[in-house]
Number of protein chains: 2
Amino acid sequence: MNEKEFLAAYNKGNFEAPLLTVDAVLFTYQDGQLKVLLVERSNHPEQGKWALPGGFISESEDKTLEDTVTRKLKEKTGVVPPYVEQLATFGGASRDQRGWSVTICYTALIAHQACESELETISDVAWLPIEKVKKMNLAFDHLKIINRAHERLIQKALYSIIPAYALPKKFTLPELQQVHEVIIGKPLQKKSFRRRIEQADLLINTGKKRTERGRPAALYSLRPGSGKHTFVRNLEQ
Amino acid sequence: MNEKEFLAAYNKGNFEAPLLTVDAVLFTYQDGQLKVLLVERSNHPEQGKWALPGGFISESEDKTLEDTVTRKLKEKTGVVPPYVEQLATFGGASRDQRGWSVTICYTALIAHQACESELETISDVAWLPIEKVKKMNLAFDHLKIINRAHERLIQKALYSIIPAYALPKKFTLPELQQVHEVIIGKPLQKKSFRRRIEQADLLINTGKKRTERGRPAALYSLRPGSGKHTFVRNLEQ
DNA sequence: AAAATAGTGTCTCTCAGACACTATTTA
DNA sequence: TAAATAGTGTCTGAGAGACACTATTTT
């Protein structure tokens, strides 16, 4: 049999295969808290429990795995998050009652303002503070996945400005420091924080300022395109 | 319909699903080179091309994804590598001619001595130097996967002693430094290398020495169980 | 003694931590 | 002017880079 004949005779459906889904841990920063987007399951199994947004790959709509995540997140938030990165894949015989299952998980960040209007119209979707989520009884192994995503986000907050994607396009350095502090769970030295950002040249000073109370703060944005988000050295853990 | 009825009626096979495999990039250090284990494909598609070791999840034999990787690697090398870590999952509509496909990839390290006898008896398996592999025409997107694994291994060599798993249980510091240098692709300062290992307290001096030429070198082993493999600061890139 | 290899002493430099200080706004 | 917040100056200490030095083995 040559390759052409082989492919003509091949049928994927002939083989048993684990249940395969794609899920996302979408973070944002709101009201001084790190929040996660959760969806209340409307179907069996685990009906009524809160779960990560996600679903099945659509062989017709999706060309890549990223297409699946962004399609699913757009369904729930109305927009595609500016930062999406693969976290890990979780699989096993017992994580879903339907049998052997695998979920390819992504971490994503977005400014809550970017999807506020959409969220208000969907009743089974909510931003929940991560501290509260950690005490909840979520569907499947989704709490474990969220914990892994949080651990990795903490690491990123220690060596990169990736957390800036949880804020609107323009933000102040004190705001960004707050996001880092909330993610890491402890205060940071203002001077160290600003020094590394200045030296790494990762942000653009837009020249504008924002005044709320006290001295106005300069508004910055991420340097576009460069793809560089990391500092040469970690902050202490 | 309640959950019990739902599960009784549920049949995974009713849904289209991408082809799902698990593959591994298994590295070792041999003859001053970083090498990768490759397998010559005996079946369509991509028959005759070299590919990563891997295969399908067995719902009966495997309880976890790690079970699948280690089972597949044991088939090829006769042993289970001491270091196995998930790398990333690659998927898409066009990476396999059979249709939408997904592969969950792992990085693993092993001492070549640990699997030497087995390898000689299997003709379609070989350790190939990574520099040579990077110029080969491998099956599917396996070259891209190997490149990603190598990039990540370089990072690990800069901030951890994970590369020690590519050596036998006991090794000398000059040997370990050579492995790091080969992975990173540039020489390291002997003093810096030794100082960080001493300060991080990641190795145990076995008290034994190995003499080949010149002054005998102390033999070290990885501190067992601790799970800690990282330094507080990166080496320069 | 010479060659070969293992291992150390020590100076410099960069960058994070700490914390007091100055600057600019509103009330 | 006081309160509030933004932003800076500067000292200390940890640890990497560089490189010359010493130590221990075989031939």
Side-chain angles (χ1 to χ4, degrees), chain A residues 32 154-161 164 167 170-181 184-221 228 230-237, chain B residues 32 154-161 164 167 170-181 184-221 228 230-237:
Chain A
I154 290 174
Q155 292 313 309
K156 291 204 186 290
L158 291 171
Y159 70 76
S160 80
I161 45 164
L167 290 173
K170 292 179 185 175
F171 50 86
T172 68
L173 291 189
E175 278 172 348
L176 182 57
Q177 183 174 342
Q178 281 166 35
V179 179
H180 277 74
E181 287 176 338
I184 297 169
K186 65 171 223 182
L188 295 174
Q189 288 287 335
K190 181 166 52 167
K191 182 63 179 181
S192 304
F193 189 79
R194 303 178 71 100
R195 188 172 38 203
R196 25 202 278 131
I197 284 180
E198 190 173 0
Q199 285 177 2
D201 197 33
L202 298 174
L203 298 184
I204 294 173
N205 186 330
T206 62
K208 298 179 182 171
K209 304 235 170 191
R210 171 186 303 158
T211 307
E212 249 150 45
R213 283 178 308 284
R215 176 172 171 177
L219 282 165
Y220 290 82
S221 63
K228 186 178 177 305
T230 59
F231 302 106
V232 297
R233 208 187 288 181
N234 267 209
L235 290 173
E236 267 181 10
Q237 326 221 1
Chain B
I154 289 173
Q155 292 313 307
K156 292 205 186 291
L158 292 170
Y159 70 75
S160 80
I161 46 163
L167 291 174
K170 292 179 184 175
F171 50 85
T172 68
L173 291 189
E175 277 173 349
L176 182 56
Q177 184 174 342
Q178 281 166 35
V179 179
H180 277 75
E181 288 175 338
I184 297 169
K186 63 171 224 180
L188 296 174
Q189 287 287 334
K190 182 166 52 167
K191 182 62 178 179
S192 304
F193 188 80
R194 303 178 72 102
R195 187 172 39 202
R196 26 200 279 131
I197 283 180
E198 189 172 1
Q199 285 177 2
D201 196 33
L202 298 174
L203 299 184
I204 294 174
N205 187 330
T206 63
K208 297 179 183 171
K209 305 233 173 193
R210 171 184 303 156
T211 307
E212 251 151 44
R213 282 178 307 284
R215 177 172 170 176
L219 283 164
Y220 290 83
S221 62
K228 187 180 174 301
T230 59
F231 303 106
V232 297
R233 207 189 288 181
N234 269 207
L235 290 173
E236 267 182 10
Q237 326 218 1

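Model, not experiment: these values are computed from the prediction. Each chain gets a letter, A, B and so on, in the order its sequence line appears, and its residues count up from 1.
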Inset, instruction - Indicate, with a heavy-atom threshold strictly under 4.0 Å, whether B/Arg196 touches base, sugar-phosphate, or nothing. - result: sugar-phosphate

Inset, instruction - Select base, sugar-phosphate, or nothing to describe what B/Glu212 touches, counting heavy atoms under 4.0 Å on all strands. - result: nothing

Inset, instruction - On DNA chain D, check which nucleotide each of B/Pro216 and B/Val232 is closest to and give me the residue with the more 5' one. - result: B/Val232

Which nucleotide in the list [options] gets nearest to the side chain of [X]?
| X | options | value |
| --- | --- | --- |
| B/Glu236 | D/dG17, D/dG7, C/dT25 | D/dG17 |
| A/Lys190 | C/dT8, D/dA6, D/dG17 | D/dA6 |
| B/Gln199 | D/dG15, C/dG17, C/dT8 | D/dG15 |
| A/Pro174 | C/dA16, D/dG7, C/dT8 | D/dG7 |

Should [X] be listed as having a side-chain N or O under 4.0 Å from OP1 or OP2 of [N]?
| X | N | answer |
| --- | --- | --- |
| A/Gln189 | C/dA18 | yes |
| B/Ser192 | D/dG17 | yes |
| B/Arg233 | D/dG15 | no |

Legend entry - Other residues, nucleotides, ligands: >12 heavy atoms within 6.0 Å of A/Lys228 NZ: yes

Check whether the side chain of [X] and the base of [N] form a donor-acceptor pair under 3.5 Å.
| X | N | answer |
| --- | --- | --- |
| B/Lys191 | D/dG17 | no |
| A/Arg195 | C/dG17 | yes |
| B/Arg215 | C/dA6 | yes |

What integer distance in Å separates [X]:[atom1] from [N]:[atom2]?
| X | N | atom1 | atom2 | result |
| --- | --- | --- | --- | --- |
| B/Asn234 | C/dT14 | CG | P | 18 Å |
| A/Tyr159 | C/dA16 | OH | P | 15 Å |
| B/Leu176 | C/dA6 | CG | P | 13 Å |
| A/Gln177 | D/dA6 | CD | P | 10 Å |

Where [X] and [Y] come nearest, the two heavy atoms and their spacing:
| X | Y | value |
| --- | --- | --- |
| A/Gln177 | A/Gln189 | NE2-C, 4.0 Å |
| B/Ala200 | B/Phe231 | CB-CD2, 3.6 Å |
| A/Ile184 | A/Leu158 | CD1-CD2, 3.6 Å |
| B/Lys170 | B/Arg210 | O-NH2, 3.9 Å |

